[in-house]
Amino acid sequence: MKIGMIGLGIMGKPMAKNILKAGFTDLQVSDLNKDAVAEVVAAGAVASDNKTIGETCDVVMTMLPNSPHVKAVMLGESGVVGYMKPGSCFIDMSSINPVASKEIAAALAEKGIEMLDAPVSGGEPKAIDGTLSFMVGGKQEVFDKFKPLLDSMGASVVRCGEVGAGNTTKLANQIIVACNIQAVAEALTMAQKAGVEPQLVFEAIRGGLAGSTVMEAKAPMMMEGNDKPGFKIDLHIKDLNNALDCAHSFGAPVPMTAAVQEILQWLHNNGCGQNDHSAIAKYYQALTGIEIGR
Ligand code: NAD
């Protein structure tokens, strides 16, 4: 199977290396960043361009920042779709607006090209380990055909419905994570203001109903004042913008998402856009003067 991959950033680069490691060795890659391309070529891929990828590959994969990037690469002037053959497939692993996924799929369908939207969660460490969680939208038979390829990068690959369902699931994930981080920061700030050590609050409640993967990962970072990303506030703003857009286009109320998005925007405006999203604690610090755990 001839595979093309466009977008070799924090996530795409290790994912491409894992595709090669799993034995899918006919891999062409492309990115605006030539150093990233060189690194994946050193691991066994072939440097290519969008035209050649479209003309020669059975499946084209992207791992790009957001909907406009995916639309520009696939449907824009000299877009990859213009070169792809009927019967080939496009798999977008970027986290984008599901409404955009459906628009791209409709344009591809006119040319007889299949599509899966297959965003991931897990971040850079799991991209490196090949243990990402994939949330996939698309036809069952297309999912079945390409699941082994996704398995090469992930520990969990779940089909959630038709095209767009993958990114809808990813937005649900991002809403739950953002609201959970805000709740952890708010609760630990409240406890410290009331005179109880946040570390003891964490130890006392982590095994109960309030405990969560988010609390395990982010409460220690808040207490250490460790803002190293992880997942950047600016990327979370991008995802919540997509969540608000998507929710509004379907008439779904998302008041908690809107509230946490305003706080993330305040953090962006105050120089924290490149910090880990656990830096939401800095918003509470600005309100109360409290640095959690310090
Ligand atoms: P990144 O910014 O590190 O990488 C994006 C890459 O796309 C860059 O290498 C850039 O040069 C390339 N690119 C941009 N426009 C291009 C174009 N026109 N042609 C070719 N290459 C182009 O981003 P990332 O962290 O790898 O994230 C990619 C996607 O995965 C995003 O949608 C993000 O939300 C999602 N995601 C990220 C994480 C994470 O922890 N970083 C976790 C889960 C999902």
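Atoms within each ligand, like the ligands themselves, are counted from 1 in listed order. Because the structure is predicted, anything quoted here is derived from the model rather than measured.
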Apply the test salt bridge (charged side-chain N to carboxylate O under 4.0 Å, His left out) to residues E114 and K111: give CA-CA distance (whole Å), side-chain angles for both, the deciding distance (0.1 Å), then the verdict. CA-CA 9 Å; E114 299 290 353; K111 297 199 62 184; over 6 Å; no
Show which atoms of ligand 1 fall inside a sub-4.0 Å distance from at least one heavy-atom site of M63. 29 (C), 30 (O)
Looking only at protein heavy atoms, which one is nearest to atom 43 (C) of ligand 1, and how far off is it? V120 O, 3.5 Å
Are any non-hydrogen side-chain atoms of H277 and V177 less than 4.5 angstrom apart? yes
Atom 25 (O) of ligand 1 [closest protein heavy-atom partner, distance rounded to 0.1 Å]: I10 CB, 3.6 Å
Between the main-chain N or O of A155 and the side-chain N or O of K126, is there a donor-acceptor pair closer than 3.5 Å? no
Going by heavy-atom distance to atom 27 (O) of ligand 1, choose the closest among H69, M15, M11. M11
Test item: protein heavy atom less than 4.0 Å from atom 23 (O) of ligand 1: no
Heavy-atom distance under 4.5 Å between the side chains of V157 and F146, does that happen here? no
So salt bridge (charged side-chain N to carboxylate O under 4.0 Å, His left out) across residues 207-216, not counting sequence neighbours, yields R206-E216
Identify the protein heavy atom lying closest to atom 4 (O) of ligand 1, giving its residue, its atom name and the separation to 0.1 Å. G9 CA, 3.2 Å
For atom 8 (C) of ligand 1, the option (of D31, D239, N50) bearing the nearest heavy atom: D31
Atom 21 (N) of ligand 1: closest protein heavy atom, distance to 0.1 Å, is L32 N, 3.5 Å
Is there a polar contact between ligand 1 and V73, counting only N or O atoms under 3.5 Å apart? no
Do I237 and L171 belong together in a cluster built from hydrophobic side chains that touch within less than 4.5 Å? no
Single hit among S67, S94, S101 for side chain to side chain donor-acceptor pair (under 3.5 Å) with N167: S101
Please say yes or no: joined through hydrophobic side-chain contacts below 4.5 Å, possibly via intermediate residues, are V29 and L64 part of one cluster? no
Among all protein heavy atoms, pick out the one at the shortest distance from atom 40 (O) of ligand 1; state its residue, atom name and that distance to 0.1 Å. G123 CA, 3.4 Å
Looking at K238, which atoms of ligand 1 are within less than 4.0 Å of one of its heavy atoms? 31 (C), 32 (O), 33 (C), 34 (O)
What atoms of ligand 1 come within less than 4.0 Å of a heavy atom belonging to K170? 43 (C), 44 (C)
Going through the distances and angles, do D117 and K170 end up as a salt bridge (charged side-chain N to carboxylate O under 4.0 Å, His left out)? CA-CA 10 Å; D117 62 316; K170 175 69 182 178; over 6 Å; no
Audit row: F24, L149, side-chain contact (heavy atoms from CB on, under 4.5 Å) steps and yes/no: CA-CA 8 Å; F24 297 101; L149 179 57; 4.0 Å; yes
Within the structure provided, determine whether N66 and N242 are in side-chain contact (heavy-atom separation under 4.5 Å). yes
Below 3.5 Å, N or O to N or O, backbone or side chain included: is there any such pair between M93 and ligand 1? no
Ligand 1 to I6, heavy atom cutoff 4.0 Å, flagged ligand atoms 20 (C)
Looking only at protein heavy atoms, which one is nearest to atom 29 (C) of ligand 1, and how far off is it? L64 O, 3.4 Å
Write out the residue and atom name of the closest protein heavy atom to atom 35 (C) of ligand 1, then the distance separating them to 0.1 Å. S95 OG, 3.5 Å
Nearest protein heavy atom to atom 32 (O) of ligand 1, by residue and atom, and its distance? P65 O, 2.8 Å
Would you say that V120 contacts M63 through its side chain, given a criterion of any heavy-atom pair below 4.5 Å between the two side chains? yes
Going by the atom numbers of ligand 1, which of them fall below 4.0 Å from some non-hydrogen atom of L8? 9 (O)
Please work out, at 4.0 Å between heavy atoms, whether the side chain, the backbone, both, or neither of K232 comes within that distance of ligand 1. neither
